[in-house]
Amino acid sequence: MKLKYVLTILSLTLLVVSIPLSSLANQTGEAGNHDARIRAIMEDMTLEEKVGQLFIVHVYGKTPTDPAYELINLGNNRGGKDFQEVIENYHIGGVIYFNWTDNIGTPLDVEQVNALSNGLQDIALEQDQEIPLFISTDQEGGIVQRATSPATVFPGNMALGAARLDNYAAQTGSILGKELDALGVNMNFAPTVDVNLNPENPVIGVRSFGEDPDRVSSLGVAQIEALQEENVIATAKHFPGHGDTDVDSHYGLPIIDHDLETLHEVDLKPFKDAIDAGVDAIMTGHIVVPALDDSGLPATLSQPILTDLLREEMGFDGLIITDSLDMSGADVLPPEEVPVEAFKAGADILLNPANVEESYTSMLEAVQSGEITEDRLNESVYRILLAKAEKGLFEDPYADPAKVENIGTEAHLQAAKEIAEKSITLVKNEQDVLPVSDAETVLVTGPSAAKPGLIADLLDEKGISGDSFATAASPTAEQIDQAVELAEAVDKVIITTYTANTNSQQQALVEALQATDKPIIVSAHRNPYDVMAFPDVEAYVASYSYLDVSIEAVAGVLAGELNPFGKLPVTIPEHYEIGEGLDYVDIPRGAAGMKQLVDQLDEAGEISNQEASRALNLHLTAVAQYEERRLPDKVIKHLEGFRKLLDQQQDNEAISKKAHSYLDTEGLRLIEHWLEN
């Protein structure tokens, strides 16, 4: 739990550095244990060193002194030719890794990143002030994850929202934390706790857990606590909530027009719950929120939002980190003024400025001129050093090279696979067009980003033959004509879409294929809103992800090997409500119905022997007895035992993957039923 500061008066002999008494005096508990050390360090720090600690910057290169990137770094205003020069020149507090800066390659080279992190910490500890670095990245899972294969690739937050299980969010946070720790990354800019309310949101979308603030809160807190348990700083973003906008703050300045009641009940709730759970850091959003600040400034530059609301009203005493300062949403003032105004608004850490030297110099001059007081500077430097101390970075900032064996383990990959499988949502299935049988042929077509070829290959492995045809992101007229021609030769058409609700050419592809009178199945591989553009298709599946782990799960659902379990975590306006979702099972809800399902699977050859069938039925008989006596705790406990039995029987090859999926999902639905009632 985040520790509160006790307000007392410090003697001047203990306060050689000028630190505001109101926020940093006489630390108690763990913070108090670090207090003397931090004050001693700050006493010896120059003004230049203190200003440097405020910055987290990106630098190109695979090593701390990579000669291949010297001209790129100098040409891109990184503050030096390589990491070493930037650290030495500006005493920076941390770095941020990206794929496009070649700090993290694709595929991931685990030894390279581990060595880079350790080399950077070596350089930091060779400076006059031996202050370790924050080494940060954006490892959200889903469409924003810098460390990809062979690291564990997760389907993302909205998939977690569709699966509806807090333990999956905790599992994700734990695995992300373990793997980041092995790479030497001690600060993760995740999770995204924005409540996505806008189908046309171009920047959040599937990065959100969904539109229900309570669900976003519970999943976000579970992930935060698990990340921090692995000694990685978690960062809730993007304060005060980026979920209801149709503008991407990378390229423009969004406006959130919610009233105060909506802001507190929806947008701010996940942040308040994260604060109560002890989140280490909160990232600001480059978004204008007139109900909180009518100046027209984005939250990143707003004192009413960062200081008055976040610090004082909501009681957050951790690190406030700006979103990247090189984004267009922050470009509302002259560039040299942006970091100064963000700091004056209440930020502690100035993330990723476009020009390192210019931003550093403007901050230093602002303190030297008195525009920013030394008290205010010391307040943030203290918080930064305290966060580093609480994570043990002063004792040992290094990543054990042997820990890279923790990356992409079989257990981690299996966890991601299970989450993806439980997230796939069957939204519509007219005339039971799904699942596709091995007696039918299919055409799989759609934008290459939505991986129609991979879907076709996976279906072929399951005995469903057909063809695939990948189009451009916006299919051309020629490509649409070719898809229509190919459709004539098959029984069913599967169209993989990628944000088709805002892409007229993808909509034209669907409409042209509908005109063939073939059954049309749409599988949406990013945002789930695509069906708004073509509500009359026979079947619609949402996967919330174009990543392979999700595509494999989609193929399992299309072929009927997996029983769809996901529920919509968002509303599809005018069509489907949040929480809707179908499956392939038609049995009464209860243990008696599940016994029917066991018998059906047994008759279909999905259960290999009578002993396995008998064990399952015996367990369900016990569940039925507790149902009859209305003992929900007993029902749930025995259903959880039933799920463990299923795992054992699948491991022993007594039941098929299909039998496991169908019985496990129905068991979970029955658990949900008893929890709700």
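- Between the side chain of N501 and the backbone N or O of M532, no donor-acceptor pair lies under 3.5 Å.
- In terms of modelled atom types and a separation under 3.5 Å, the side chain of T445 and the main chain of F469 share a donor-acceptor contact.
- Atom CG of L180 sits about 12.0 Å away from atom NZ of K403, to the nearest 0.5 Å.
- Minimum interatomic distance between A226 and A170 (heavy atoms only, all atoms of both residues): CB-O, 3.1 Å.
- L197 places a side-chain heavy atom less than 4.5 Å from the side chain of E211.
- The distance from atom CD of E179 to atom CD of Q139, rounded to the nearest 0.5 Å, is 8.0 Å.
- We find the CZ-CD distance between F154 and Q145 to be 8.5 Å, quoted to the nearest 0.5 Å.
- No donor-acceptor distance shorter than 3.5 angstrom exists from the side chain of E580 to the backbone of K567, with no hydrogens or angles considered.
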Please list, one pair per line, the donor and acceptor atoms closer than 3.5 Å that link side chains of residues 458-467 to other protein atoms, with sequence neighbours excluded.
| residue | atom | partner | partner atom | Å |
| --- | --- | --- | --- | --- |
| K462 | NZ | E561 | OE1 | 3.0 |

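- Side chains of Q514 and E538 form no contact here, defined as non-hydrogen atoms less than 4.5 Å apart.
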Mind running side chain to side chain contact (heavy atoms under 4.5 Å, CB included) on I551 and H525 for me, showing each step along the way? CA-CA 8 Å; I551 299 299; H525 292 173; 3.4 Å; yes
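- If you check the side chains of Y544 and T425, you find a donor sitting under 3.5 Å from an acceptor.
- Heavy atoms only, all atoms of each residue included: L568 and E577 are closest at CD1-O, 3.9 Å.
- Put simply, the side chain of E676 never gets that close to the backbone of H673: no donor and acceptor are under 3.5 Å apart.
- No side-chain donor from either of S474 and Q505 sits under 3.5 Å from a side-chain acceptor of the other.
- Across all their heavy atoms, A539 and L434 have their closest contact at CB-CD1, 3.9 Å.
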Show, in sequence, the C-alpha distance, side-chain angles and deciding distance for E672 and R589, and conclude whether the salt bridge (Lys or Arg N to Asp or Glu O under 4.0 Å) test is met. CA-CA 11 Å; E672 285 182 328; R589 180 73 68 224; over 6 Å; no
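- Contact check for L616 versus L646: side-chain heavy atoms found under the 4.5 Å cut-off.
- When all heavy atoms of S136 and F189 are compared, the pair lying nearest together is OG-CE1, 3.3 Å.
- The two residues S543 and V554 come nearest to each other via the heavy atoms CB-CG2, 3.4 Å.
- Side chain of D109 to backbone of V113: no donor-acceptor contact under 3.5 angstrom is found.
- Between L426 and Y540 the shortest side-chain heavy-atom distance does not fall below 4.5 Å.
- By the 30° and 60° cut-offs, the orientation of the rings of W100 relative to F98 is parallel.
- Using a 4.5 Å heavy-atom threshold, the side chains of I655 and E606 count as separate.
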Chi angles and distances behind the side chain to side chain contact (heavy atoms under 4.5 Å, CB included) call for K417, K422: CA-CA 9 Å; K417 183 173 183 286; K422 290 293 195 299; over 6 Å; no
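- Between the side chain of T172 and the backbone N or O of Y168 there is at least one donor-acceptor pair closer than 3.5 Å.
- No donor-acceptor distance shorter than 3.5 angstrom exists from the side chain of N188 to the backbone of L227, with no hydrogens or angles considered.
- In this model, no donor atom of one side chain and acceptor atom of the other lie less than 3.5 Å apart for S661 and N563.
- Other residues, nucleotides and ligands contribute over 12 non-hydrogen atoms within 6.0 Å of the CD atom of E488.
- Atoms CG and CG, from N103 and L183 in turn, are 12.0 Å apart once rounded to the nearest 0.5 Å.
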Yes or no on ring pair (Phe, Tyr, Trp, His ring centres under 6.0 Å) for H660 and Y662, after CA distance, side-chain angles and deciding distance? CA-CA 6 Å; H660 181 278; Y662 280 54; over 10 Å; no
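- Contact annotation: the side chain of P528 approaches that of M158 to within less than 4.5 Å [non-hydrogen atoms, C-beta and beyond].
- A donor and an acceptor atom, one from each side chain of H412 and N406, are nowhere located under 3.5 Å apart.
- Both tests do not hold together for R164 against F209: distance to the six-membered ring centre under 6.0 Å, angle to the ring axis within 45°.
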How far apart are the C-alpha atoms of Q479 and T471, what are their side-chain angles, what is the distance that settles it, and do they pass the side-chain hydrogen bond (donor to acceptor under 3.5 Å, both in side chains) test? CA-CA 6 Å; Q479 289 172 334; T471 73; 4.6 Å; no
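- No side-chain donor from either of Y529 and T502 sits under 3.5 Å from a side-chain acceptor of the other.
- Judged by distance alone, the side chain of S208 and the main-chain N or O of G210 form a donor-acceptor pair under 3.5 Å.
- Of the possible polar contacts, one joining the Q112 side chain to the K62 backbone as a donor-acceptor pair under 3.5 Å is found.
- Checking R146 against Y97 by side-chain atom types alone, no donor-acceptor pair falls below 3.5 Å.
- Few gaps surround CG on N167; more than 12 heavy atoms of other groups in view lie less than 6.0 Å from it.
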Walk me through whether E640 and K644 qualify under salt bridge (Lys or Arg N to Asp or Glu O under 4.0 Å). CA-CA 7 Å; E640 289 170 345; K644 291 178 182 177; over 6 Å; no
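- Only one option out of I494, D491, V433 pairs with P519 in a side-chain contact (heavy atoms from CB on, under 4.5 Å); it is V433.
- Shortest non-hydrogen contact noted between S550 and P155 is OG-CB, 3.3 Å.
- Side chains of Y60 and D102: no donor on one and acceptor on the other come within 3.5 Å.
- Annotation: the span from L639 atom CG to I671 atom CD1 amounts to 5.0 Å, rounded to 0.5 Å.
- Salt bridge R215/D166: present, at least one basic N to carboxylate O contact under 4.0 Å.
- A salt bridge between K451 and E552 is absent, with no side-chain N of the basic residue lying under 4.0 Å from a carboxylate O of the acidic one.
- Looking at V541 and V522, their side chains never come closer than 4.5 Å, going by heavy atoms from C-beta outward.
- A donor and an acceptor atom, one from each side chain of D194 and T192, are nowhere located under 3.5 Å apart.
- In Q414, the CD atom is crowded: over 12 heavy atoms of neighbouring residues, nucleotides or ligands sit closer than 6.0 Å.
- Atom OG1 of residue T245 and atom CD of residue E200 lie 10.5 Å apart, to the nearest 0.5 angstrom.
- Under 3.5 Å, the side chains of D530 and T497 contain a donor-acceptor pair of N or O atoms.
- Here D138 pairs with K237 in a salt bridge; the nearest charged N to carboxylate O distance falls below 4.0 Å.
- Side-chain contact annotation: N352 with S324, donor-acceptor N/O pair under 3.5 Å present.
- Contact annotation: the side chain of E666 approaches that of I587 to within less than 4.5 Å [non-hydrogen atoms, C-beta and beyond].
- Between the side chain of K428 and the main chain of V537, a donor-acceptor pair closer than 3.5 Å is present.
- Partner of I495 under the side-chain contact (heavy atoms from CB on, under 4.5 Å) criterion, out of V510, I521, V444: V510 alone.
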